[in-house]
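I have placed the structure first, in the form of structure tokens, so that the comments after it can refer back to it.
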Amino acid sequence: MGNLFCCVRVDQSTVAIKERFGKFDDVLEPGCHFLPWCIGSQVAGYLTLRLQQLDVRCETKSKDNVFVTVVASIQYRALADKATDAFYKLSNTRSQIQAYVFDVIRASVPKLDLDDVFEQKNQIAKAVEDELEKAMSAYGYEIVQTLIVDIEPDEHVKRAMNEINAAARLRVAANEKAEAEKIVQIKRAEGDAEAKYLAGLGIARQRQAIVDGLRDSVLGFSVNVPGTTAKDVLDMVLITQYFDTMKEIGATSKSSAVFIPHGPGAVSDIAGQIRQGLLQGSAVEQQNLL
């Protein structure tokens with residue numbers, strides 16, 4: 001109907017290319033335009049000025065001979081003041097952009113190891129953007145943004161990288177566990193040593209108290225009972241302790257003590273052996289001093 005009344009409508013964010021008898025005549029802005037077809041005027045086509053996006057998947061090889069697929073996202077748009085260049089100079093804009101992306105990526109990635117490709121993806125995107133900006137500006141297009149949105153190594157390589165990472169983490173965990181066990185063992189040993197030290201102090205104090213008690217008992221008994229000697233008092237103390245021990249053993253219902261043939265008179269023999277040992281020890285010590 002518009003052609004019948006020589007009128008044409010151009011939508012927003014779009015321009016129309018007007019030709020007259022097949023030759024470029026004008027760029028029609030958004031709105032309604034009078035187009036007398038009877039004198040050879042016609043619309044050759046429409047050109048959108050909206051931002052467009054093109055995702056390009058490029059397979060290449062890294063410096064360490066790993067095949068990787070790089071996915072680049074190109075955001076571009078046609079310039080209104082260069083609409084004629086954008087409409088007439090390129091027949092397939094997307095294929096042209098894709099060719100430049102392939103060229104830059106396949107020239108950049110083979111210079112890097114796989115790990116460096118992941119770390120320097122921004123530099124790769126910048127190189128692609130600079131090359132596209134320089135090439136596409138001559139055709140009336142602006143490159144707004146270039147992004148490297150994905151880097152996909154071969155599946156076997158990804159699995160190997162994950163296994164390496166897992167092994168490294170397991171090694172760290174094992175080291176930490178061993179260090180924790182080491183600390184526990186050290187603390188346990190320190191506690192055991194402290195306990196034995198304190199037990200030794202307790203035994204030493206106990207023996208010192210026994211010696212002091214025996215000395216006081218002997219001296220007190222000798223003073224209060226005239227005619228007794230220290231030997232008599234010590235024999236009596238040992239016999240008393242002997243019967244106290246027998247009493248405690250007999251009071252226990254589940255005793256595991258083993259008895260050997262003996263008698264109360266053996267206490268005197270034990271006392272004599274103790275005294276004899278002390279005398280011999282003193283004699284040896286005096287000889288060593290001499």
(request) Grab the two heavy atoms, one from P30 and one from S13, that are nearest each other, plus how far apart they are. (result) CG-N, 4.2 Å
(message) Any donor-acceptor pair under 3.5 Å linking the side-chain atoms of E19 with those of S41?
(response) no
(request) Taking the side chain as every heavy atom from C-beta outward, state whether K61 and V68 have any pair of such atoms under 4.5 Å apart. (result) no
(message) If you compare all heavy atoms of A86 against all heavy atoms of G140, which two are closest, and at what distance to 0.1 Å?
(response) CB-O, 3.9 Å
(message) I need the minimum non-hydrogen distance between Y100 and A135, along with the two atoms involved.
(response) CZ-CB, 3.4 Å
(message) As an exercise, state the distance from OG1 of T146 to CD1 of I124, rounded to the nearest 0.5 Å.
(response) 12.5 Å
(message) Assigning hydrophobic clusters by single linkage (Ile, Leu, Val, Met, Phe, Trp, Tyr; side-chain heavy-atom cutoff under 4.5 Å), is L147 placed with V71?
(response) yes
(message) Is any side-chain heavy atom of T60 closer than 4.5 Å to one of F67?
(response) no
(request) Run the salt-bridge test on R9 and D11 with the 4.0 Å N-O cut-off and return the result as yes or no. (result) yes
(request) Could you tell me the separation between the CG atom of L28 and the CG atom of L47, rounded to the nearest 0.5 Å? (result) 12.0 Å
(message) Please give me the minimum heavy-atom distance between Q96 and M136, naming the atom from each residue.
(response) CG-SD, 4.1 Å
(message) Ignoring hydrogens and geometry beyond distance, is a side-chain donor-acceptor pair present between S62 and D113 at under 3.5 Å?
(response) no
(request) With the side chain counted from C-beta on, respond yes when Y139 and D85 share a heavy-atom pair under 4.5 Å apart, and no when they do not. (result) no
(message) So K63 and L112, do their side chains get closer than 4.5 Å, heavy atoms only?
(response) no
(message) Among E190, K196, R188, which residue satisfies the side chain to side chain contact (heavy atoms under 4.5 Å, CB included) criterion with D192?
(response) K196
(request) Check each of L132, V128, L90, N92 against I97 using the side chain to side chain contact (heavy atoms under 4.5 Å, CB included) test, and report the only one that passes. (result) L132
(request) Walk me through it: do V144 and Y76 pass the test side chain to side chain contact (heavy atoms under 4.5 Å, CB included)? (result) CA-CA 5 Å; V144 178; Y76 66 99; 5.8 Å; no
(message) Less than 4.0 angstrom from a charged side-chain N to a carboxylate O is my criterion; do K134 and D130 meet it?
(response) no
(message) Nearest 0.5 angstrom please: I148 CD1 to N122 CG, how far?
(response) 9.0 Å
(request) For residues I17 and V43, determine if any side-chain heavy atom of one lies less than 4.5 Å from a side-chain heavy atom of the other. (result) no
(message) Looking at F21, I want to see if its CZ is surrounded by more than 12 non-hydrogen atoms of other residues, nucleotides or ligands under 6.0 Å.
(response) yes
(request) Go through L49 and R77 one step at a time and tell me if the side chain to side chain contact (heavy atoms under 4.5 Å, CB included) criterion holds. (result) CA-CA 6 Å; L49 302 180; R77 64 185 174 190; over 6 Å; no
(request) Would you give the length of the straight line joining atom NZ of K187 to atom NZ of K182, rounded to the nearest 0.5 angstrom? (result) 12.0 Å
(request) Check the pair K82, E142 against salt bridge (charged side-chain N to carboxylate O under 4.0 Å, His left out), reporting the backbone distance first and the verdict last. (result) CA-CA 10 Å; K82 295 184 177 180; E142 175 189 11; over 6 Å; no
(message) Just verifying a value: how many Å separate K18 NZ and H33 NE2, rounded to the nearest 0.5 Å?
(response) 9.5 Å
(request) Check A83 against V15 and note the closest heavy-atom contact, atom names and distance. (result) CB-CG2, 4.1 Å
(request) Flag yes if I143 and V149 sit in one hydrophobic cluster, no otherwise; membership is Ile, Leu, Val, Met, Phe, Trp, Tyr, and two members link when side-chain heavy atoms are under 4.5 Å apart. (result) no
(request) Take F24 and T84, measure what side chain to side chain contact (heavy atoms under 4.5 Å, CB included) needs, and give me the verdict at the end. (result) CA-CA 8 Å; F24 170 75; T84 54; 3.1 Å; yes
(message) I'd like to know if L79 and I74 are part of one continuous hydrophobic network [Ile/Leu/Val/Met/Phe/Trp/Tyr, side-chain heavy atoms within less than 4.5 Å].
(response) no
(message) Strictly below 4.0 Å, N to O, side chains only: are R106 and E59 in salt-bridge contact?
(response) no
(message) I'd like to know if the side chain of S137 and the backbone of E133 have a donor-acceptor N/O pair within less than 3.5 Å.
(response) yes
(request) Would you mind reporting whether T69 and C58 have side-chain heavy atoms less than 4.5 Å apart? (result) no
(message) I need the Q42 CD to D25 CG distance, nearest 0.5 Å.
(response) 11.0 Å
